[in-house]
Amino acid sequence: MPEAATAKHLTMAWTANDPLLTVSDLKVWFPVASGVMQRTVGHVHAVDGVDLEIRAGETLGLVGESGCGKSTLGRAAIRLLKPTGGTVHFKGEDITSIRGEHLRALRREMAMIFQDPYASLDPRQTVGDIIGEPIDVHGLAKGKERQDRIRELLRVVGMNPRFADRYPHEFSGGQRQRIGIARALAVEPTFIVCDEPISALDVSIQAQIINLLENLQSKFKLTYLFIAHDLSVVKHISNRVAVMYLGKIMEVAPGQQLYRRPRHPYTGSLLSAIPIPDPKVELQRKRLILQGDVASPVNPPSGCRFRTRCPRAASYLKGDFVLRSGRRSNRYFDKFLFETDPALLKRIGAELARLVPAETQRLAAPELGAVLLGGAVSLETGLPLVLVRKEPKGYGTAKQLEGRFHAGERVTVIEDVVTTGGDSLRSIEALRAAELDVIHLVVVLDRGEGGEENIREARIPYSPLFRIQDLPLD
Amino acid sequence: MTQPLLEVSDLHTVFSTKEGMVKAVDGVSFELHAGETLGIVGESGCGKSVTALSIMRLQRPGRIVGGKVMFKGQDLTRVSEYEMREVRGKEIAMIFQDPMTSLNPVYRVGWQVGEPTRLHGGWDAKKALSSAVTMLARVGIPSAAARAKDYPHQFSGGMRQRAMIAMGLTTTPEVLIADEPTTALDVTIQAQILDLLRDVNREFGTATILITHNLGVVAGMCQRLIVMYAGKIVEAGPTTDVFANPKHPYTWSLLRSIPRLDAERHEPLKPIEGLPPNLVDLPAGCSFHPRCVFKVDRCSRDTPALLQVGDTQRSACWVTQSGTELKGA
């Protein structure tokens, strides 16, 4: 039993409701060598700080363009590569740096299906030996039992059991991929990384393999990390989809939601670039064509990785703000927060300070992200800053603000991103309840979700630092 | 209708292999009209690329054993190699899937892009280079004058494909054949290149043959469409009609087997069962019949011709030719 093999290493209680695999701040860098001495002159930041959770029984899709690090992430997740930094937990156990027998035991729970069914099968081994190898390595079966198992695996992937005696060259690409899948299933894994499993196959064969993978998943309760560059395929097979760009995850969301309402400009561009096989749809689509090429992963752009191509990067702060994940939220990207780069914060602070009315006596920030901004403004203006805390049951009450403000003080509220305006209005309400005079709001406005209208209706004077522009998508 | 620009009729191209004779192109006929974009779709080995190479007389080691390729009153299958060189790259240009292997790594990009004008226009190096720079800028290469001095390896995949397109356009050809021009590229770069091809078509009025396996690409680019299977055209017609109401079971099944980005619900895909046929040993009758869900007795005996089915389409299928609609769960 695979569970028994690893159970003794469990460091904390893991239940089936917890994520099967958790990747935290994962980094995989590859050294770049140069010159006669082959000195390391830099690193390819293939995976550069990724957080992901994969739940038991789900398919998490991972899309991105070539070189974005998606395959490297997949390999590091099952410890085919040793991460440079960060951690990987599988069933609650830290597997980031396990070795030897322990790692071998783990290999029985994880498998991988590769892109190229021509390169990933040894041409000198029979199909039976290819599928039998993991069985031998882990000592799972011998003799007749082993043969039966191989035949059963071939049957499971839709092939004739008699093919066990044949060689890979006798089979087509699609059949070879089935053999690769049988080999992956041989150890009875719980988790399979499928790395572009259909990209090398003919269009008419792709659907066969997709359906096979889906059937196997429900039959054997498998969890998949499905890596591909084709978002149509990924959306079809996945419960949730993670979009990767230059070593970082840009957005994670259920496929349908991702398609209907992309929350990251890169996702929007990616969706727009994918042709839909329907001329009626295709001829009416608005196209959002990204300019330029992906930046180098050796020397990735500062701030947001996507900024060099982003159609929405705000005008005068172009390129300097980054997208940060709200850790526990289902949608990783929900807010723009600012990187804690001091030089950048100082610049933003200076911009914001110009918007703060001169009669302001104090600054208030209702959220942690806004505190960063508020802090920068505070440094710039010398005005004291107070965080209006978000309590479990709403915003800071008058009582909690006591002693930190004086009644009648003129306050300017700094807000990081205003989407609906709800958060800002509630914090302003709290401030007013404490008898403070809220004279101004300095905000970053999100695209049309009524935030600006709500603020205007509440008759609060405000200045937008910049507006996140609407993405020209349907 | 006006005289077609290019008319391919009953083209046959064969390859001799150890296993036997392969009929890579087996009686292909179509017309290309001025200014249009025609799509040729099919899976690997269906003969779409060999058709294009045969038009350019670049089919070797294959041999054209029958048919005509009429272009401006001459049959390109019969003109001398010398005359063919006058057509190739000047009046009909071709761009390939892999821009790395189709650019020469030891010459600067600007020199190569200017080559057609030096060869065909007799331009001197200076004039050719300046026109190459103009064209590179036109296809969206930033700081084109400086980048023209780069070698191909200094270009990204998308830029190399842009350079290939620029090279194809320097002589303002009447026909551009693009063989899987975006298959090796990432989707966002693919979108850039397709946009460029649309622009080129609009601005220069270049008639384009776009060869691809991607039905989505065809849907957005081509007015008319040809579907090939095992060396033959199985269906042809206006793109919107073929997609809305396919008249060949292969097209019908192919459209149902691919996941769509805009699908509202998760529905299992409906794959085409079986494998593409071995070209050395084709099934008797219609090559698609072993995988066809609509097949009737006749399909395994007689090969259907490509005939008019419906108002605008042509199909090589006994079932639809007899008036049966393609429907299924």
Side-chain angles (χ1 to χ4, degrees), chain A residues 63-68 158 171-175 201-212 214-215 229-239 245 255-256 259-260 266 269-285 287-294 309 474, chain B residues 41-46 140 142 156-159 182 185-192 194-195 213-223 225 229 238-244 250 253-276 278 291:
Chain A
V63 277
E65 299 178 87
S66 42
C68 73
F171 297 99
S172 68
Q175 288 171 312
L201 306 177
D202 257 325
V203 188
S204 76
I205 304 300
Q206 292 184 353
Q208 294 178 6
I209 300 298
I210 294 173
N211 284 4
L212 174 65
E214 287 187 324
N215 293 339
H229 65 277
D230 184 340
L231 190 47
S232 317
V233 171
V234 170
K235 176 176 168 256
H236 172 82
I237 201 169
S238 310
N239 301 98
Y245 187 82
Q256 201 55 258
Y259 172 70
R260 286 216 190 103
Y266 178 61
S269 322
L270 203 57
L271 287 165
S272 167
I274 291 166
I276 291 177
D278 185 341
K280 275 183 252 152
V281 177
E282 194 62 22
L283 295 174
Q284 284 173 15
R285 278 174 102 195
R287 280 168 221 284
L288 179 78
I289 296 183
L290 280 185
Q291 303 301 309
D293 285 304
V294 180
R309 300 172 81 195
D474 301 336
Chain B
V41 211
E43 298 175 81
S44 42
C46 74
S156 69
M159 283 166 66
T182 59
L185 306 174
D186 274 318
V187 282
T188 59
I189 308 297
Q190 165 170 292
Q192 293 175 359
L194 294 179
D195 197 46
H213 67 279
N214 188 326
L215 290 163
V217 168
V218 173
M221 294 289 293
C222 306
Q223 292 90 46
L225 162 68
Y229 189 80
T239 309
T240 38
D241 297 347
V242 173
F243 275 77
Y250 175 61
S253 316
L254 205 56
L255 284 169
R256 287 156 54 98
S257 74
I258 47 177
R260 279 178 61 153
L261 186 63
D262 57 348
E264 290 287 325
R265 283 179 303 143
H266 179 97
E267 278 171 16
L269 303 177
K270 303 185 179 68
I272 304 179
E273 297 304 334
L275 304 170
N278 180 350
R291 307 174 76 188

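Proteins come first, then strands; the chains are lettered A, B, ... in the order of their sequence lines, and each starts at number 1.
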Task: Shortest non-hydrogen contact between A/Glu282 and B/Gly220, atoms and distance - done: CG-CA, 3.0 Å
Open item on the list: Please give me the minimum heavy-atom distance between B/Leu275 and A/Ser172, naming the atom from each residue.
Closed with: CD2-OG, 3.4 Å
Task: Top contributor to chain B contacts, counting heavy-atom pairs under 4.5 Å, from A/Ser204, A/Ala273, A/Pro275 - done: A/Ser204
Task: Leading residue by heavy atom contact count with chain B [cutoff under 4.5 Å; candidates A/Asn211, A/Ile205, A/Ile289] - done: A/Asn211
Chain A contact via [X] - side chain, backbone, both or neither, heavy atoms under 4.5 Å:
X	result
B/Arg291	side chain
B/His213	both
B/Glu273	both

Checking [X] against chain B: side chain, backbone, both or neither under 4.5 Å from a heavy atom?
X	value
A/Ser66	both
A/Glu65	both
A/Ile276	both
A/Val294	neither
A/Glu214	side chain

Open item on the list: Taking the side chain as everything from C-beta on, heavy atoms only, tell me whether B/Thr188 gets closer than 4.5 Å to A/Arg309.
Closed with: yes
- [ ] Check whether any side-chain heavy atom of A/Ile237 sits under 4.5 Å from a side-chain heavy atom of B/His266, and report yes or no.
- [x] no
Pairwise distance [atom1]([X]) to [atom2]([Y]) - rounded to 0.5 angstrom:
X	Y	atom1	atom2	result
B/Asp186	A/Cys68	CG	SG	8.5 Å
B/Ile258	A/Ser232	CD1	OG	8.5 Å
A/Asp278	B/Asp262	CG	CG	7.0 Å

TODO: Please determine, among B/Ala191, B/Pro259, B/Gly45, the option with the most heavy-atom pairs under 4.5 Å with chain A.
DONE: B/Pro259
Whether [X] side chain and [Y] backbone form a donor-acceptor pair below 3.5 Å:
X	Y	answer
A/Asp202	B/Glu43	no
B/Lys270	A/Ala207	no
A/Gln256	B/Glu264	yes

Task: A/Pro277 and its side-chain contact (heavy atoms from CB on, under 4.5 Å) partner, picked from B/Leu261, B/Val218, B/Asn214, B/Leu215 - done: B/Leu215
Task: A/Leu290, A/Val63, A/Leu270 screened by side-chain contact (heavy atoms from CB on, under 4.5 Å) with B/Val187, the one that passes - done: A/Leu270
Open item on the list: Please evaluate residues A/Ile274 and B/Gln190 with respect to the criterion side-chain contact (heavy atoms from CB on, under 4.5 Å), reporting the C-alpha separation (whole Å), side-chain torsions for both, the decisive distance (0.1 Å), and the verdict.
Closed with: CA-CA 9 Å; A/Ile274 291 166; B/Gln190 165 170 292; over 6 Å; no
Task: Pair B/Arg260-A/Val281, side-chain contact (heavy atoms from CB on, under 4.5 Å): steps then yes or no - done: CA-CA 11 Å; B/Arg260 279 178 61 153; A/Val281 177; 3.8 Å; yes
